[in-house]
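Working notes, beginning with the structure itself.
Because the structure is a prediction, the values reported are computed rather than measured.
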Amino acid sequence: MNAQTQEQTVAARVAALPRMPMKELWRLWDQYFLRRPSHHNRNYVEGRVAYKIQEEAFGGLTPEVRRQLIRIGEAQSKIKSRTVNDLRI
């Protein structure tokens, strides 16, 4: 599959999420995540599933970018009880 076709396929999958029955959306959620969120906000579920679809197709964040995001979050946070090793992105 060439890059343009792959992008179109991924875009079509993401675009279909808002029209998808919630039961099907949960099936996708269960495919990507170990447990369901405590709140069942459709927009949240769609957003997380959309990210995972794109991450699967194009790759995720590099370890360096993850570390940078953690450092930025720590610098901005008023909660100082967690360390970098405790966090999973």
Those residues that, when tested against Tyr32, pass ring pair (Phe, Tyr, Trp, His ring centres under 6.0 Å) (two or more places apart): none
Separation of Leu28 CG from Lys23 NZ (nearest 0.5 Å): 13.5 Å
Plane angle bin for Trp29 and Tyr44 - parallel if under 30°, tilted between 30 and 60°, otherwise perpendicular: tilted
Under 3.5 Å: donor-acceptor pair, side chain of Gln54, backbone of Ala50: yes
Verdict with reasoning, Arg35 to Asp30, per salt bridge (Lys or Arg N to Asp or Glu O under 4.0 Å): CA-CA 7 Å; Arg35 62 182 177 269; Asp30 293 339; over 6 Å; no
Any side-chain heavy-atom pair of Val45 and His40 under 4.5 Å: no
Smallest separation among heavy atoms of Pro37 and Trp26, with atom names: CD-CZ3, 3.7 Å
CA sep, side-chain torsions, deciding dist, call: Arg71, Glu74, salt bridge (Lys or Arg N to Asp or Glu O under 4.0 Å): CA-CA 5 Å; Arg71 282 195 301 270; Glu74 287 176 338; over 6 Å; no
Distance in Å, Ile53 CD1 paired with Glu46 CD, rounded so as to fall on 0.5 Å steps: 10.0 Å
Least distance between heavy atoms, Leu25 atom then Val49 atom: O-CG2, 4.5 Å
Distance (rounded to the nearest 0.5 Å) between Met20 CE and Arg42 CZ: 8.5 Å
